[in-house]
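Here is how names work: the chains are called A, B, and so on, in the same order as the sequence lines, proteins then strands, and each is numbered from 1. Side chains are part of it too, since the values below use all heavy atoms of this structure and drop only hydrogens, waters and symmetry mates.
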Amino acid sequence: MEAEKIISIDTKHYKENISRRNLAEKIFNVILLISVLFGLLMLTVLIIDIAVGGIAWVRPELFENYHSRKPENAGMKSAIAGSIIVILLTGLFSFPVGVGAAIYLEEYAPKNRLTDFINLNINNLAGVPSIVYGMLGLVVFGRMFGLFSKDSWFVNLFNIPIESGATGGWKFFLFDIPWLEIHLPFGRSMVAGALTMSLLILPIVIIASREAIRAVPPSIREGGYALGTTKWHVIGTLVLPIAFPGILTGMILSLSRAIGETAPLIIMGAFTYVPFLPKTVWDQFTVIPIQIYNWITLPQPEYRVHLAAAGILVLLVILFLMNGIAIYLRKKFEIKW
Amino acid sequence: MLKNLSKSSFISFYNPQRVRNLRERIIAITLFGCGVFSILVTIGIIISLFSEAIGFFLRPEVNLITFLTGTNWRPLASQVSPENFGVRPLIRGTLMIAVISGSIALPLGLGSAIYLSEYASDRLRSILKPSLELLAGIPTVVYGYFALSFVTPILKVVLEDQLGIRVSFFNAFSAAVVVGIMIIPIVASISEDAMRAVPRSLREGAYALGATKFEVSTKVVVPAALSGIISAFIIGISRAIGETMAVTIAAGATPRMTLNPLDGIQTMTAFIVQVSFGDAPSGSINGQSIFAVGATLFMMTFVMNIISASILKRFREVYE
Amino acid sequence: MNLTSNIQSYSINFHDDATIINANQLNIYYSGKLTVENFNLQVPKNKITALIGPSGCGKSSVIRSFNRMNDIIPGFSLEGKIIYKGKNIYSSREDPVRIRRQIGMVFQKPNPFPKSIYENVAFGARVNKYQGNLDELVESSLIQAALWDEVKDKLKESAYALSGGQQQRLCIARAIAVSPDILLMDEPASALDPVATLKIEELMWELKDKYTIVVVTHNMQQASRVSDYTAFMSLDREKIEDRIGVLVEFDETTKLFTNPKLKETEDYITGRFG
Amino acid sequence: MNLTSNIQSYSINFHDDATIINANQLNIYYSGKLTVENFNLQVPKNKITALIGPSGCGKSSVIRSFNRMNDIIPGFSLEGKIIYKGKNIYSSREDPVRIRRQIGMVFQKPNPFPKSIYENVAFGARVNKYQGNLDELVESSLIQAALWDEVKDKLKESAYALSGGQQQRLCIARAIAVSPDILLMDEPASALDPVATLKIEELMWELKDKYTIVVVTHNMQQASRVSDYTAFMSLDREKIEDRIGVLVEFDETTKLFTNPKLKETEDYITGRFG
Amino acid sequence: SGSNATPAPSQPESNQSEPTEATISEPASSSELAILEGDVIVDGSSTVFPVTTAVAEEFALVAPNVRVSVGLSGTGGGFKVFCVGETDISDASRPIKDSEIEVCQSNGIEYVEFLVALDGLTVMVNPENDWLNEISAEQLAALLGASSTITKWSDLDPSYPEEEILFFIPDPDSGTRDYMTEVVEGVSGDEDLRQDENTTFSSDDNVLLDGIANEKYAFGFFGYAYYINNKDSVKAVPVVNGDGNAVLPSDETVQNGTYNPLSRPLFIYVNQNSLQTKPQVVEFVRFFFGPDGGPAIMSDVGYSMPPTGSYEANLGLLAGSIQ
Ligand SMILES: Nc1ncnc2c1ncn2[C@@H]1O[C@H](COP(=O)(O)OP(=O)(O)OP(=O)(O)O)[C@@H](O)[C@H]1O
Ligand SMILES: Nc1ncnc2c1ncn2[C@@H]1O[C@H](COP(=O)(O)OP(=O)(O)OP(=O)(O)O)[C@@H](O)[C@H]1O
Ligand SMILES: [Mg+2]
Ligand SMILES: [Mg+2]
């Protein structure tokens with residue numbers, strides 16, 4: 001009785017219109033290609049525009065000299081040093097916490113509300129504008145809520161040995177050993193800048209590390225457990241070594257984001273003329289993008305057009321190198337499961 | 001030839017179970033601390049922004065209503081009064097950047113994503129995608145510089161000289177164009193991930209019914225990945241809203257209630273940078289005003305992030 | 001012809017039924033690597049032909065060649081001819097989009113689109129500019145796929161709300177809706193539980209009046225239950241390291257299972273290997 | 001006891017061999033959902049016991065319970081006892097880490113670590129602080145796994161350079177190296193080609209002198225070829241919608257395949273369903 | 001001589017200031033300078049920034065181990081950190097305000113003020129502007145005052161084009177702006193400059209420069225230094241001075257005071273405590289006013305030397321405050 005209800009499906013009803021659909025296909029293809037090429041075209045134009053202005057000014061003085069009032073002498077030695085040290089510190093600060101959080105979330109976290117909340121929170125932090133991190137850094141690291149001003153209740157309560165000085169902060173010595181010195185608040189120091197940058201990239205580090213850890217197939221973990229291995233052993237001797245190249249790649253890419261960040265450091269007061277190399281991590285500093293911004297704001301066209309472009313070129317080369325290393329690492333250690 | 005596997009060699013090996021369990025436990029707690037740290041960061045952001053912002057709103061010279069509704073933003077004027085603290089010009093400037101850059105980046109980003117995910121060969125894709133992502137990695141100072149030295153002059157030549165439309169040297173449009181270029185890869189990358197997460201079996205199902213690639217892409221893949229794509233859009237837009245240096249350099253510094261993108265404007269972020277060069281210390285009204293603006297900015301992106309996260313979550317659930 | 005000892009070649013049209021697809025000396029390559037060699041098969045019209053063989057011998061590769069589904073796999077290439085309705089479907093004048101409408105396919109894992117049940121069935125009709133009444137088409141397709149009664153009250157609901165077996169029947173309905181001549185099925189029941197499997201098998205029997213069916217299966221019991229003809233593929237024993245798939249034996253199912261011509265076939269169906 | 005019509009329960013120790021694992025009234029849950037119900041099995045020592053049954057009936061769930069591998073799955077919980085060496089391995093005083101060293105496991109897909117062949121075999125010994133000569137241990141394990149001759153010249157090379165079958169034997173060598181009593185194997189050959197499968201089967205025969213082996217397989221031919229005892233699991237027919245796995249029949253392999261006690265077993269092994 | 005707007009340097013408010021080190025009052029020899037170490041922390045006006053950094057650059061040649069860092073926070077911003085003792089020297093493009101003095105006093109910060117240079121505030125229009133050829137203080141006040149009603153050029157003079165004026169004005173944190181405010185206030189009583197939709201504020205003089213250089217109907221002002229480096233892209237407007245002559249800013253007219261009322265003094269403020277305890281600060285300030293300091297760099301950075309004798313007076317002041 002069902003069969004009677006069947007309406008015949010007739011091929012004649014199909015007007016396939018193959019040729020018209022193939023035309024639509026071709027047009028669509030061209031539109032898509034254009035949208036990809038637009039981005040790449042812009043990248044090319046941008047690089048050419050900058051290279052034309054700056055290539056001749058990438059010369060030894062750029063690396064050997066500090067900023068000078070004479071464009072022909074001007075360089076960005078302290079900015080390069082500042083960028084490198086801040087980036088290294090940023091890596092140092094964000095790596096353990098970021099990877100730790102990634103391990104926790106991938107390997108330990110139970111499926112519960114708190115975990116959901118942490119996940120949501122991390123995604124959220126990844127979308128917080130960098131300038132907001134600058135404001136966080138200013139208040140928390142730069143000023144430390146004013147807790148360490150001379151007569152604050154906090155200082156009085158804990159009897160903190162504060163030594164007033166014209167260093168942008170106060171310092172106290174731990175056990176009188178200079179390398180343990182800590183300046184409170186962190187003021188405009190590299191430590192403050194790097195801590196701020198660490199928070200800024202932390203969500204990216206966590207997300208990238210999680211991906212690397214997740215890419216290790218569960219079968220590897222099972223193989224480990226089945227041999228009588230504890231959880232931390234499985235993670236420490238199997239998962240992390242395998243995920244490490246991926247984690248490192250994510251780390252480098254995150255740092256390459258940090259190295260170009262300007263706004264948070266401006267908020268923290270890193271827009272400074274620093275004609276010396278830092279001696280300690282508590283020194284004032286400036287970084288390459290700020291030096292570029294500084295040059296863009298100077299009156300002489302040599303700075304605005306040429307030196308700024310030269311600085312940008314250096315920054316771009318550093319970025320390309322970091323990206324290149326990341327891609328290389330990814331390729332080299334890629335495992336075909 | 002078989003050597004005897006002595007089980008006894010294994011008996012002595014274990015550190016006592018208790019010691020081992022203690023170690024496992026300490027590790028787990030440490031890692032938990034790392035996981036929870038991100039919550040501390042959020043709390044830190046909220047405290048640092050809002051503690052100062054609340055001080056701002058508690059001042060007699062300002063109030064929350066005129067802050068949110070007022071159309072004049074003159075916090076630097078010497079006479080401090082509520083009508084000089086209307087944040088809407090900054091919000092409008094910010095949104096103008098977001099809308100224009102979005103209308104550039106969203107279609108181009110989506111087009112790029114479709115191309116990369118559906119059309120490009122693996123090799124082409126492995127070249128195109130990182131190149132495109134370089135765009136996102138370029139410091140935004142560079143984009144500002146590019147806007148001033150390249151985009152604005154072109155606008156001047158094309159619009160002002162040829163068509164007689166006035167183009168301010170500092171204008172929202174140039175800044176928005178470069179911000180748009182900057183967020184293309186963000187939109188493209190996240191959308192592409194969403195589209196590649198659509199199982200190949202769905203594409204095959206459609207091909208097997210006699211669909212062309214165009215039909216498969218637009219009628220199956222894009223709809224299936226829609227929430228991921230929307231979320232990419234939101235993330236891109238929220239990036240544009242938070243963008244700082246490019247708009248500081250190229251969009252001008254005039255908090256203006258305008259709808260003309262060829263005028264100079266000021267965004268929330270640019271205002272914060274502007275005041276920061278005054279290194280306003282805690283307590284002064286200028287110093288507090290940036291925290292009020294910062295808090296507003298944070299709330300805007302926060303809401304957008306929450307929305308995109310919830311969309312993305314629902315999307316992931318479909319295929320898991 | 002480079003035939004190896006354990007493989008027998010068959011003359012065209014050795015069976016009595018009309019041939020609808022004639023695969024002629026197919027060589028299938030992935031990224032230049034030979035994967036299936038010298039494959040010849042005449043698929044009888046309005047019958048069910050089963051394709052069996054150990055994992056990796058190329059069953060999917062072959063069946064997916066029959067409607068050019070492999071075209072979308074990068075690195076795939078094919079030598080030889082597949083004649084359908086007197087034309088080589090691989091000739092450059094043929095459009096794969098049209099061929100795929102005429103030769104439908106059902107996959108191992110049910111793959112409904114994340115749309116409503118109705119839209120799933122209507123999808124192929126819409127893209128192929130169906131001129132008739134869409135509602136009728138959907139109904140009739142679902143009836144043929146023995147799914148109508150189960151879903152007629154929830155056509156607007158998501159296809160993902162159905163069970164695995166229902167989803168697979170939905171995929172069959174979807175394939176039927178574009179009125180193909182042939183249905184290719186690649187292990188259509190291997191992701192389903194025994195009850196759902198039985199339903200699919202029954203459905204295949206009902207469909208073979210109107211459609212020619214080619215079905216790949218891992219399950220010899222299934223092949224023997226459901227098919228009229230069986231083709232047994234295996235790896236070329238002479239070049240076992242190269243892992244090249246070949247057709248070992250093709251015959252009526254009853255003959256092949258009760259009285260296989262080759263020792264290898266016998267070994268396989270009696271479970272001595274595989 | 002809540003037994004349903006199609007399932008028979010067996011008295012403890014119905015077979016003559018010494019029991020090494022005694023699973024007693026196991027109920028297995030995932031996220032609170034009952035998945036395997038009232039499972040009882042006495043695994044005979046130094047024999048090969050096969051676990052067969054249709055997909056999803058809980059074979060993997062059961063075998064993974066035998067060495068607490070399921071502990072790492074969130075949501076897993078178990079009722080009942082599994083007695084090994086006179087102790088319930090699920091008692092809180094037992095350390096799952098030690099149990100897993102004593103009851104090794106081999107998985108469906110070969111899962112060597114991305115390290116050298118040598119390091120793969122040595123891994124378990126290292127983490128368990130093996131006191132003896134590591135080189136000898138590696139050699140002896142590889143010899144037992146019938147892999148030594150093929151790899152002795154490339155011990156430092158990556159395990160991924162091996163073929164699938166070799167990788168699986170490496171995983172067996174790796175499991176042997178920590179000198180377990182029991183080897184659990186979950187479809188150890190189902191990802192392998194027929195030739196490699198045969199090698200694994202031969203290896204199992206050789207190993208059963210020293211180890212007790214429990215093997216899950218989809219392939220009834222394999223079960224009949226390789227095992228001494230066979231346990232047949234299926235879904236509880238009474239509550240088919242709940243998809244609850246139960247033990248249907250357990251017997252010597254020859255008996256179970258030639259003369260099954262239950263109709264359901266017969267249907268399954270003759271291919272009438274599944 | 002000198003414009004009436006230039007206040008006399010205030011006396012250091014040193015009540016106690018006992019010399020802690022005897023050597024500090026004697027100029028260091030070059031070999032002593034070469035081994036001198038320590039930090040000198042400067043912050044403040046963006047206008048003075050180029051002067052201080054240029055001096056610091058020269059100073060580094062003779063005292064390579066002294067680390068002079070110069071921040072850029074605006075005059076007001078500079079005083080905010082200066083008056084809590086965080087910096088040694090504050091750059092200022094205007095004298096310290098009473099409110100700031102109070103903060104300093106409440107924190108026990110004493111300081112010495114030094115006049116370091118003169119800047120001719122330059123009124124500027126677009127090079128294509130061929131109608132505005134001189135400007136008076138009254139016109140300035142009418143254009144820039146907070147109560148100004150002028151929005152089009154024709155509002156200023158009916159013969160001018162009927163086009164909206166775009167104003168480019170330094171940021172409130174800058175001394176440049178404060179100085180103009182004083183001038184305007186002196187004429188019209190307006191206590192602030194205009195702030196409306198056609199006005200762009202920036203602490204970045206280049207923003208102003210770019211704006212004026214690119215907008216035909218622009219009007220603005222900023223420091224002479226930015227003008228002198230960009231003479232081709234903007235047009236300076238001669239200002240009618242107290243004697244009724246229209247004068248263009250130049251090194252000469254600024255220094256000899258004929259360019260008034262828009263030539264203004266630039267200062268550095270030095271923390272008294274730093275002078276007592278940090279020899280490197282003393283040496284830096286001393287170098288500032290020596291022949292290789294300010295005089296050597298002034299024309300490079302585009303400012304004018306203060307009236308003859310000012311630097312000698314500064315050195316005297318320095319010697320006095322370290323006694
Ligand atoms: N897209 C591809 N690219 C490269 N090689 C492929 C591809 N698809 C299949 N192959 C290879 O071709 C051979 C045959 O694969 P195919 O999937 O056709 O076998 P099958 O008989 O269907 O196996 P199964 O029973 O496991 O489905 C295998 O060795 C496989 O690795
Ligand atoms: N980690 C898990 N979480 C939730 N449910 C699970 C989990 N693992 C298995 N199950 C469910 O338990 C049931 C039994 O699964 P199991 O893998 O034990 O079956 P199986 O007999 O091994 O099947 P196969 O032959 O397909 O391997 C299935 O319904 C499955 O969906
Ligand atoms: Mg297949
Ligand atoms: Mg299983």
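Counting only heavy atoms from C-beta outward, the side chains of A/L125 and B/I45 approach each other to under 4.5 Å. Taking 4.5 Å as the limit, every side-chain heavy atom of A/L33 sits out of range of all side-chain heavy atoms of B/Y119. For the pair A/W232 and B/L31, the minimum side-chain heavy-atom distance is below 4.5 Å. The shortest side-chain heavy-atom distance between B/V178 and A/L46 does not fall under the 4.5 Å cut-off. With a 4.5 Å cut-off on side-chain heavy atoms, B/V36 and A/I118 count as touching. Proximity of B/F146 to A/V45: side-chain heavy atoms (C-beta onward) are separated by under 4.5 Å at one or more points. Proximity of A/L136 to B/F298: side-chain heavy atoms (C-beta onward) are nowhere separated by under 4.5 Å. A/R21 has its side chain out of reach of B/F214: every pair of non-hydrogen atoms, C-beta onward, lies at least 4.5 Å apart.
For the atom pair B/E24 CD and A/Y108 OH, the distance stands at 5.5 Å (nearest 0.5 Å). To the nearest 0.5 Å, the span separating CD1 on A/I31 from CD1 on B/I114 amounts to 10.0 Å. Atom CG of residue A/N29 and atom CD of residue B/E118 lie 12.0 Å apart, to the nearest 0.5 angstrom. In this structure, the separation between CD on A/E261 and CE on B/M245 is 10.0 Å, given to the nearest 0.5 Å. Distance check, rounded to the nearest 0.5 Å: CG of A/L114 to CZ of B/F32 gives 5.0 Å. A distance of 4.5 Å separates CD1 in B/I306 from CG in A/L120, rounded to the nearest 0.5 Å.
Contact tally against chain B (heavy-atom pairs below 4.5 Å) for A/A101, A/G260, A/S35: the top residue is A/S35. Ranked by heavy-atom pairs under 4.5 Å with chain B, the list A/L199, A/I34, A/I296, A/D49 is led by A/D49. Most heavy-atom pairs under 4.5 Å with chain A: of the set B/L110, B/I184, B/V41, this distinction falls to B/V41. Most heavy-atom pairs under 4.5 Å with chain A, from the set B/A120, B/G35, B/G242, B/S238: that is B/G35. With chain B as the partner, the residue from A/N323, A/I266, A/T230 showing the most heavy-atom pairs under 4.5 Å is A/T230. Note on A/I50, A/L319, A/I288, A/I292: by heavy-atom pairs under 4.5 Å with chain B, the leading option is A/L319. The most heavy-atom pairs under 4.5 Å with chain B, out of A/A109, A/A263, A/G137, A/A126, come from A/A263. Of the listed residues (A/M135, A/M268, A/K231, A/M42), the one with the most heavy-atom contacts under 4.5 Å to chain B is A/M135.
Using a distance-only test at 3.5 Å, with no hydrogens or angles considered, a donor-acceptor pair links the side chain of A/N121 to the main chain of B/S38. Between the side chain of A/Y104 and the backbone N or O of B/T30 there is no donor-acceptor pair closer than 3.5 Å.
Under the 3.5 Å distance criterion, with hydrogens and angles disregarded, no donor-acceptor pair is assigned to the side chains of A/N124 and B/T42.
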Is there a side-chain contact (heavy atoms from CB on, under 4.5 Å) between A/I131 and B/L297 once you walk through the steps? CA-CA 10 Å; A/I131 197 164; B/L297 176 68; 3.8 Å; yes
Apply side-chain contact (heavy atoms from CB on, under 4.5 Å) to A/L316 and B/I138, showing your working. CA-CA 7 Å; A/L316 287 184; B/I138 292 176; 3.9 Å; yes
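In this structure, the portion of B/Y143 lying under 4.5 Å from any heavy atom of chain A is its side chain and not its backbone. Of the two parts of B/I181, only the side chain, counted from C-beta on, holds a non-hydrogen atom closer than 4.5 Å to a non-hydrogen atom of chain A. B/I249 touches chain A through its side chain: at least one heavy atom from C-beta onward sits under 4.5 Å away, while N, CA, C and O do not. Residue contact with chain B, scored on non-hydrogen atoms closer than 4.5 Å, involves the side chain of A/N22 exclusively. Contacts between B/I39 and chain A at a heavy-atom distance below 4.5 Å involve backbone atoms as well as side-chain atoms. Contact annotation for B/S308: neither backbone nor side-chain heavy atoms come within less than 4.5 Å of a heavy atom of chain A. Residue A/L37: no heavy atom, backbone or side chain, is found under 4.5 Å from chain B. With a 4.5 Å cut-off on non-hydrogen atoms, B/L49 touches chain A through its side chain but not through its backbone.
The neighbour count for A/Y328 OH, taken as heavy atoms of other residues, nucleotides or ligands under 6.0 Å away, does not exceed 12.
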